[in-house]
Each structure stands twice: as structure tokens, then as C-alpha cells.
Amino acid sequence: MTTDGFTTCLWFDGQAEEAAHHYLSIFKNSSLGRIGHYNDAGPGPSGSVMAVEFVANGQKFVALNGGPQFTFNEAVSFQIRCEDQDEVDYYWSKLTEGGEEGPCGWLKDRFGVSWQVFPESLLDMIGDPDPEKAARTAQAMYKMKKLDLAALRKAYEGA
């Protein structure tokens, strides 16, 4: 294995370049890499985009135009750990645009990719050694779509 580590490959049906640019517009520390095109050997139309390398928030990706055979589902998702409610709101609004909201901070973006957007402090609250605090926080979270940090803290504190 090279020292570059892992790269996540996302399979699209003709939307690879659009998806790469979409993610680049959302995440800081992002850049566009190489764009490869199909040639006469196929299987895509010669000259069409085959794959796009990009980095989003420091994470390496390849967006591949592989065709309609495979689609995204919730079995694989990306977590965005946010410092505060402003970050939760930012990523939630950008990623649900054209997509759909799900429960407990989960969403699907307009390409069908699943994400979970949550405040980092939620992990401490639901992992608290006090089972009542943890349970109250979890119960509050189960009632939400986009996570509300203030409401989660109130539940955690028993307010």
C-alpha cells in the first residue's frame, strides 16, 4: 500500500463531476484533482467523464461514473462532527438541499449519499456514565431530524 492511505470511491451514474464540485463548494480544505475521461475502449461514451479525484475537508475521494448498476444506501455513510450548532445548521442546510432529512441527524444529499451531522458533544452526553442523563439525551435525539444542541443539553441536564 502506498503512504497515501485510503481513498473513498463513490459510484455515480453520470453525475461524478457535478457531485465533486458540489462537495468542494461545501467543505473547507478541499481541492479538485485529476479528471479522467472514457476513451474508445469504453465502457462509457468516449470523451465523457469517467472519474474525478477530489479532496473534501482533507479526505480523499474518487467520484466514478460507473452507471446505474449500483446506488447509494444507508449502509455506508459519512459523519460530520460539528463543534457547535452553527456548523450543524450549515452542513444540514447545504447537504439537504435537493436531498431529504432523516431521523437523528441523518440525511441523504441530492445524490443519495447518506450523512450524519451531529455536534461532537453529543457523544459525551449519550456516553455519560450516568444512565439517566444518557437516556434523556438519547430520547431527545430520537425525536429530532436535524439535531438541536440546546435541546439536547436541556434533556441531558434534566431541564
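If you read the sequence from its start, that first residue is 1, and numbering goes on from there. Only this structure's heavy atoms are used, side chains among them; waters, hydrogens and symmetry mates stay out.
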Between Y156 and I126, is there a side-chain heavy-atom distance shorter than 4.5 Å?
no
For the pair F111 and Y23, name the ring-plane relationship: parallel under 30°, tilted 30 to 60°, perpendicular over 60°.
perpendicular
Take D89 and K146, measure what salt bridge (charged side-chain N to carboxylate O under 4.0 Å, His left out) needs, and give me the verdict at the end.
CA-CA 8 Å; D89 295 345; K146 179 177 76 171; 3.0 Å; yes
To the nearest 0.5 Å, what is the distance between CG (D128) and OG1 (T137)?
7.5 Å
Short question: side chain of W11, backbone of G67 - any donor-acceptor pair under 3.5 Å?
yes
Is it true that E74 and K108 have a side-chain N and a carboxylate O under 4.0 angstrom from each other?
yes
Please report the C-alpha distance between Q116 and I80 in whole Å, then the side-chain angles of each, then the deciding distance to 0.1 Å, and finally whether the side-chain contact (heavy atoms from CB on, under 4.5 Å) criterion is met.
CA-CA 6 Å; Q116 187 181 28; I80 302 174; over 6 Å; no
How close do L64 and M50 get, heavy atom to heavy atom, and via which atoms?
CD1-O, 3.3 Å
For the CD atom on E132, are there more than 12 heavy atoms of other groups (residues, nucleotides or ligands in this structure) within a distance under 6.0 Å?
no
Taking the side chain as C-beta and beyond, is there a heavy-atom pair between Q85 and L147 under 4.5 Å?
no
If you take all heavy atoms of A63 and F12, which pair is closest and at what distance?
CB-CE1, 3.7 Å
Heavy-atom closest pair, residues E120 and R81:
OE1-CD, 3.0 Å
Between N65 and A16 (side chain of the first, backbone of the second, donor and acceptor by atom type, cut-off under 3.5 Å), is there such a pair?
yes
I'd like to check M144 versus L152 (side-chain heavy atoms, cut-off strictly below 4.5 Å). Are they in contact?
yes
Quick one: are C104 and K143 in side-chain contact, heavy atoms under 4.5 Å?
no
Nearest-0.5 Å distance, CD of residue E97 to CH2 of residue W92
14.0 Å
Check: R110 side chain, G99 main-chain N or O, donor-acceptor pair, under 3.5 Å
no
Hphob cluster co-occupancy, L107 + L122, side-chain heavy atoms under 4.5 angstrom
no
With ring pair (Phe, Tyr, Trp, His ring centres under 6.0 Å) as the criterion, how do F27 and W115 come out once you've worked through the C-alpha distance, each side chain's angles and the decisive distance to 0.1 Å?
CA-CA 13 Å; F27 295 98; W115 300 83; 5.5 Å; yes
Of all residues at least two apart in sequence or in a different chain, which pass the side-chain hydrogen bond (donor to acceptor under 3.5 Å, both in side chains) check with Q15?
none
CZ (F118) and SG (C82) are apart, to the nearest 0.5 Å, by 8.0 Å
Side chain to side chain donor-acceptor pair (under 3.5 Å) between S46 and D40, intermediate numbers included
CA-CA 5 Å; S46 184; D40 291 338; 3.2 Å; yes
Side chains of L149 and M125: closer than 4.5 Å at any heavy-atom pair?
yes
Indicate if W106 and Y90 have the same hydrophobic cluster label, given that clusters are the connected sets of ILVMFWY residues with side-chain heavy-atom separations under 4.5 angstrom.
no
Show, in sequence, the C-alpha distance, side-chain angles and deciding distance for K145 and E100, and conclude whether the salt bridge (charged side-chain N to carboxylate O under 4.0 Å, His left out) test is met.
CA-CA 10 Å; K145 288 191 176 202; E100 62 185 72; over 6 Å; no
How about F78 and Y91: are their ring centroids closer than 6.0 Å?
no
If you look at every heavy atom in D13 and P68, which pair is closest and at what distance?
OD2-CB, 3.5 Å
If you define the side chain from C-beta out and look only at heavy atoms, does anything of H37 sit under 4.5 Å from V49?
yes
Could you tell me the separation between the OG atom of S121 and the CG atom of L123, rounded to the nearest 0.5 Å?
8.0 Å
Do H22 and I26 come close enough that some side-chain heavy atom pair is under 4.5 Å?
yes
With the 4.5 Å side-chain cut-off for hydrophobic clustering, are V52 and V113 part of the same group?
yes
Considering non-hydrogen atoms only, spot the tightest contact between F6 and K60 and give its length.
O-CE, 3.5 Å
Answer yes or no: is there a side-chain heavy-atom contact under 4.5 Å between F61 and L10?
yes
Tightest non-hydrogen contact, residues N57 and S30, listed as N-OG, 3.1 Å
Gap between atom NZ of K154 and atom CG of D148 - 0.5 Å precision:
8.5 Å
